[in-house]
Visitor: 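Here's a structure for you.
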Amino acid sequence: MLDLVLLRKSPDEVKAGLARRGVPTSDLDELIAKDEEHRSLLQEAERLRATVRELSKRVGEARKSGDTKAAEELTSESRAIGDEERRASEKSDAAGDEVRALLLALPNIPSDETPDGLSEDDNVEMRRWWPGMDTGAPFPSFEEYQKVPHWESGEALGILDLETGAKIAGSMFPLYRGDGSRLIRALSAYALDRHADAYEEIRPPTFALTETMMSTGHLPKSADDMYEIPRDGLWAIPTSEVPLTSMKSNQILEEAELPIKMTAATACFRREAGAAGRDTRGVLRTHEFDKVELFAYCTPEQAQECFDDILARAEAMLQSLGLTYRLLSLCAGDIGTSSKRTIDLEVFSPGVDRWLEVSSTSWFGDFQARRANVRFRRNGSPKFVNTVNGSALAWSRIWIALVETYRQMDGTIALPAVLSPYLGGRTVISKR
RNA sequence: GGAGGGGUGACAGAGCGGCCGAAUGUACCGGUCUUGAAAACCGGCGUGGGCUUGCCCACCGUGGGUUCAAAUCCCACCUCCUCCGCCA
């Protein structure tokens, strides 16, 4: 949520910032007008309420001194003003709700580093990494036996069974089996262990209340992209960013506690309503996937360090797995609603011959903290914290890259040695 | 799922419908005393909002209701604890 005070003080700055994401100036003018209306209604309601309180106090005094007649007069006067106050409050509250709804619908202001542009075509590739790059090796040219899409090799090896997944839950709900399943589990364990030095491991609930979904900015905007359980007022989380961001909601932290860094491995659920029919092969895009998230509550001054650390960890994991990837700086029109700045990591998949998003690191400023009401005490007065998060990493697409990149001529898959401790000492997946 | 008991400021813990934004204690901040510290003593100490900066308004789990007036009474819900039942 944007700072309403900032909008009042420097409307032009806010307008210019949001224009970069395609938000029309008229939206902000509407909000400013509604805010002014709300405040004048509020003043009127508060003035009446103060009168009622004053009169009520005098009723008590009159009663105590035995002046029944005065008490009755004051009571009826107060009653009349009370009715007036009720009507004024209703108007004021209604205007306040409208202000809140308008404010909630607005996205965050992109940071200065965020490149201009309105669609993903305007994202900026920052750099690429591939195994051996440091020692001068050229960008990898993959062998023919690596250029087999994972849905073919996965089915052949018996580690991926999309048909059965679809039978159980519908299409785009994958079913991994045998070593394919174990690989997912290994990746989560490997990641959590790597981050354990600085990030507290959390196993949060998989579902979250509507209010919780609001705090990250997933609601009200992206309701169609999420699975809802209306009977219980719950939503399946699209990322563990949701529960993690709300862990300290409505709390005032001590500045000395910050930054608070946490990591979580959870399933993530996405309806992919806007992407229906796209990337339907294999596990390129699925309704459910496992992901390890890195998250930090921090001061504004710490945000850059936290952002850099999360990005560095995501990159280090990709490098340790020997996968080719690139960094994309998302443009103003492509960053998420709540984000000020986002860098995506895309892994190269030789079988599909495409770059696949496997990580997204974002700085949110105080946008989410304002919604979740997470503050810290500085010089005695509370301020909103900053939130930063990023995936390290999303496994279904890492699974793709591993299965394709490490496919051998004989059709087996020889995985990197770092995973060996998590795969019972083995690194080769072959047909069983 | 059933029965009972709780949810008040950073924490603990009071609070006959009006004098309660809320006693008291602890913690915290400032001061006195002290070579220094501790102790003692004195003072301060919630959050948010509005405007004419001095005042006004809101907040005692959440949402309704009763009343001239609600932390206090009524209803619903959430949540925690104890006991019973069921259960991975």
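Just so we're on the same page: letters track the sequence lines, and every chain starts at 1.
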Visitor: Using a strict cut-off of less than 4.0 Å between a Lys/Arg side-chain nitrogen and an Asp/Glu carboxylate oxygen, indicate whether Arg177(A) and Asp161(A) qualify as a salt bridge.
Guide: yes
Visitor: How does RNA chain B read in dot-bracket, base by base from 5' to 3', with Watson-Crick or G-U pairs under 3.5 Å and | used when the partner is on another strand?
Guide: ((((((((.[[[..)..(.....]]].(((((.......))))).((((((..)))))).[[[[[..)....]]]]])))))))....
Visitor: Between U52(B) and G46(B), how far apart are the two C1' atoms, rounded to whole Å?
Guide: 27 Å
Visitor: Could you pick out which residue, Thr51(A) or Lys57(A), lies toward the 5' side of RNA chain B when each is mapped onto its nearest nucleotide?
Guide: Lys57(A)
Visitor: For the C1' atoms, the ones on C60(B) and on A12(B), what distance do you get once it is rounded to whole angstrom?
Guide: 16 Å
Visitor: Which is it for Ile398(A) and Leu321(A) under the side chain to side chain contact (heavy atoms under 4.5 Å, CB included) test, yes or no, and what are the steps along the way?
Guide: CA-CA 9 Å; Ile398(A) 293 294; Leu321(A) 293 171; 4.0 Å; yes
Visitor: What contact category does Ser78(A) fall into here, base, sugar-phosphate, or nothing, at under 4.0 angstrom with non-hydrogen atoms?
Guide: sugar-phosphate
Visitor: Between G44(B) and G61(B), how many Å separate the two C1' atoms, rounded to a whole number?
Guide: 30 Å
Visitor: Sticking with atom C1', work out how far C29(B) lies from A10(B), rounded to a whole angstrom.
Guide: 14 Å
Visitor: More than 12 foreign heavy atoms under 6.0 Å from CZ of Arg100(A): is that the case here?
Guide: no
Visitor: When you compare G9(B) with C16(B), how far apart are their C1' atoms, in angstrom units rounded to a whole number?
Guide: 23 Å
Visitor: For a 4.0 angstrom threshold against heavy atoms of chain A, report the outermost contacting nucleotides of RNA chain B in 5' to 3' order.
Guide: G18(B) to A69(B)
Visitor: Work out how far the P atom of U35(B) is from that of C28(B), and round it to whole angstrom.
Guide: 24 Å
Visitor: Write down the distance separating the P atoms in U32(B) and G6(B), rounded off to the nearest Å.
Guide: 48 Å
Visitor: For Thr75(A) and for Leu42(A), locate the closest nucleotide of RNA chain B by heavy-atom distance; then report the residue assigned to the nucleotide nearer the 5' terminus.
Guide: Leu42(A)
Visitor: Scan residues 68-81 of chain A for pairs that pass salt bridge (charged side-chain N to carboxylate O under 4.0 Å, His left out), counting only residues two or more places apart or in two chains.
Guide: none
Visitor: Between C41(B) and A27(B), how many Å separate the two P atoms, rounded to a whole number?
Guide: 12 Å
Visitor: Considering only NZ, NE, NH1 and NH2 on the basic side and carboxylate oxygens on the acidic side, decide whether Asp35(A) and Arg39(A) come within less than 4.0 Å.
Guide: yes
Visitor: With sequence neighbours excluded, give me every side chain to side chain donor-acceptor pair (under 3.5 Å) pair touching residues 197-217 of chain A.
Guide: Asp197(A)-Arg313(A), Tyr199(A)-Asp309(A), Arg203(A)-Thr206(A), Thr210(A)-Trp235(A), Ser215(A)-Ser246(A), Thr216(A)-His218(A)
Visitor: Classify Arg47(A) by what it touches in the nucleic acid, base, sugar-phosphate, or nothing, heavy-atom distance under 4.0 Å.
Guide: nothing
Visitor: Identify whether the distance between the nearest side-chain nitrogen and carboxylate oxygen of Glu46(A) and Arg53(A) falls below 4.0 Å.
Guide: no
Visitor: When we call it a touch if two heavy atoms are under 4.0 Å apart, what does Arg63(A) touch: a base, just sugar-phosphate, or nothing?
Guide: base
Visitor: Only counting residues at least two apart or in another chain, list the ones meeting ring pair (Phe, Tyr, Trp, His ring centres under 6.0 Å) with Phe269(A).
Guide: none
Visitor: Give me each pair satisfying salt bridge (charged side-chain N to carboxylate O under 4.0 Å, His left out) with a member in residues 279-299 of chain A, each pair once, sequence neighbours excluded.
Guide: Glu272(A)-Arg285(A), Asp279(A)-Arg285(A), Asp279(A)-Arg354(A), Lys291(A)-Glu293(A)
